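The block underneath contains the structure these notes are about, expressed in structure tokens.
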Amino acid sequence: MILLLCNQKGGVGKSTTTYHLTRSAIREGQRVLVIDLDPQGNITRGLTRDVASDAPVVADALSERSTLTLEDILVPGIWPGLTVAPTVGETLTPVRDELASTTKPGREARLRGQLEAVKADYDLVLIDSGPALDTLTLNALTAADGVILITQSSSWSLDGLALLLRTIRDVRQFYNPSLEVAGLILNQHEPRTASGKYWAGELATAAGENGLRLIEPYVPKRNAIKDAIDYGQGLDEGDYKARPLGKLYDEILKQLMERNAR
């Protein structure tokens with residue numbers, strides 16, 4: 001199963017969510033591949049150890065200027081059973097521009113083509129995308145079985161949802177007719193604030209109107225979620241007070257897998 005974590009806005013927690021869902025899948029004994037398709041390379045720093053600045057990376061597997069494949073650039077992750085397709089430095093930016101400027105057919109399917117050779121080796125593939133609806137995200141949408149929309153309880157999240165859904169509909173029509181929206185994850189939620197309560201309600205209404213599943217439980221705003229990444233740990237491995245948060249991600253992963261397996 002190939003799942004893309006997506007939102008065209010930065011700072012909503014795509015990489016953080018990718019990290020903790022990865023840990024949940026590893027704890028279940030799954031073989032996991034994480035593809036870092038974000039030019040910032042945050043998930044590579046979180047899930048790997050010491051990837052050299054000149055190491056082969058995702059950009060090499062997507063560029064026509066390189067003969068390397070996705071299989072050539074994979075590195076071990078921080079947990080047994082985890083493999084990462086890394087991004088370091090500014091390597092994805094010129095490839096994004098290359099994809100945008102080419103007139104050759106199939107530019108939106110390069111990642112899908114590369115995944116064909118390796119996806120059978122994994123139970124779950126997670127793609128962490130950048131904060132833009134660009135040619136890299138288009139490649140990820142074309143390759144994925146399902147999209148996980150990461151959102152927050154705010155007015156922007158509601159405004160941006162329509163644009164994102166329109167892009168997904170276009171990808172279904174032209175590139176990937178089997179693409180599903182696996183669900184919306186409400187991240188960094190503050191249920192005790194008036195704003196948090198109001199916008200969570202508005203998002204729930206918008207999700208219902210669009211036939212989308214707003215997954216519960218919502219992910220609360222907690223320092224421990226970020227701290228675990230800084231220490232290179234799962235939420236189950238550190239402070240015992242944070243362990244219920246790890247179980248929250250376990251439940252979210254279970255729902256996403258069940259939904260997309262149908």
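From a predicted model like this one, the values you see are computed outputs, not experimental measurements.
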Can you check side-chain hydrogen bond (donor to acceptor under 3.5 Å, both in side chains) on Thr142 and Asn139, steps first, answer last?
-> CA-CA 5 Å; Thr142 302; Asn139 261 264; over 6 Å; no
Who are the side-chain hydrogen bond (donor to acceptor under 3.5 Å, both in side chains) partners of Glu108, not counting sequence neighbours?
-> none
Arg213 and Gln255: side-chain hydrogen bond (donor to acceptor under 3.5 Å, both in side chains), yes or no, with the steps?
-> CA-CA 10 Å; Arg213 183 184 187 186; Gln255 292 181 48; 3.0 Å; yes
I need the minimum non-hydrogen distance between [X] and [Y], along with the two atoms involved.
{"X": "Ala25", "Y": "Val32", "value": "CB-CG2, 3.6 Å"}
{"X": "Gln30", "Y": "Leu253", "value": "NE2-CD2, 4.3 Å"}
{"X": "Gln114", "Y": "Leu68", "value": "NE2-O, 4.4 Å"}
{"X": "Pro220", "Y": "Ile225", "value": "O-CD1, 3.5 Å"}
{"X": "Leu33", "Y": "Val118", "value": "CD2-CG2, 4.3 Å"}

ring-ring contact (aromatic ring centres under 6.0 Å, His included): which pairs involve residues 73-122, sequence neighbours left out?
-> Tyr19-Trp79
Any carboxylate oxygen within less than 4.0 angstrom of a Lys/Arg side-chain nitrogen, looking at [X] and [Y]?
{"X": "Lys14", "Y": "Asp38", "result": "no"}
{"X": "Arg27", "Y": "Asp236", "result": "yes"}
{"X": "Lys254", "Y": "Glu28", "result": "no"}

Salt bridge (Lys or Arg N to Asp or Glu O under 4.0 Å): which pairs involve residues 51-65, sequence neighbours left out?
-> Glu64-Lys104, Glu64-Arg110, Arg65-Glu98
Between Asn42 and Thr44, is any side-chain donor less than 3.5 angstrom from a side-chain acceptor?
-> no
Do Gln188 and Arg222 have side-chain N/O donor and acceptor atoms under 3.5 Å apart?
-> no
Can you tell if the side chain of Thr16 reaches within under 4.5 Å of the side chain of His20, non-hydrogen atoms only?
-> yes
Just jot down the ring pair (Phe, Tyr, Trp, His ring centres under 6.0 Å) partners of Tyr218, sequence neighbours excluded, or say none.
-> His189
With no hydrogens and no angle check, is any side-chain donor or acceptor of [X] less than 3.5 Å from a backbone partner on [Y]?
{"X": "Arg23", "Y": "Gly246", "value": "no"}
{"X": "Asp72", "Y": "Pro56", "value": "no"}
{"X": "Asn187", "Y": "Val12", "value": "yes"}
{"X": "Ser63", "Y": "Ala59", "value": "no"}

Which pairs, with at least one residue in residues 161-172 and sequence neighbours excluded, count as a side chain to side chain donor-acceptor pair (under 3.5 Å)?
-> none
Could you give the side-chain donor-acceptor pairs of residues 82-92 under 3.5 Å, partners two or more places apart or in another chain?
| residue | atom | partner | partner atom | Å |
| --- | --- | --- | --- | --- |
| Thr87 | OG1 | Asp36 | O | 2.7 |
| Thr91 | OG1 | Val88 | O | 2.9 |

Mark yes when over 12 heavy atoms from residues, nucleotides or ligands other than Asn223 sit less than 6.0 Å from its CG; otherwise mark no.
-> no
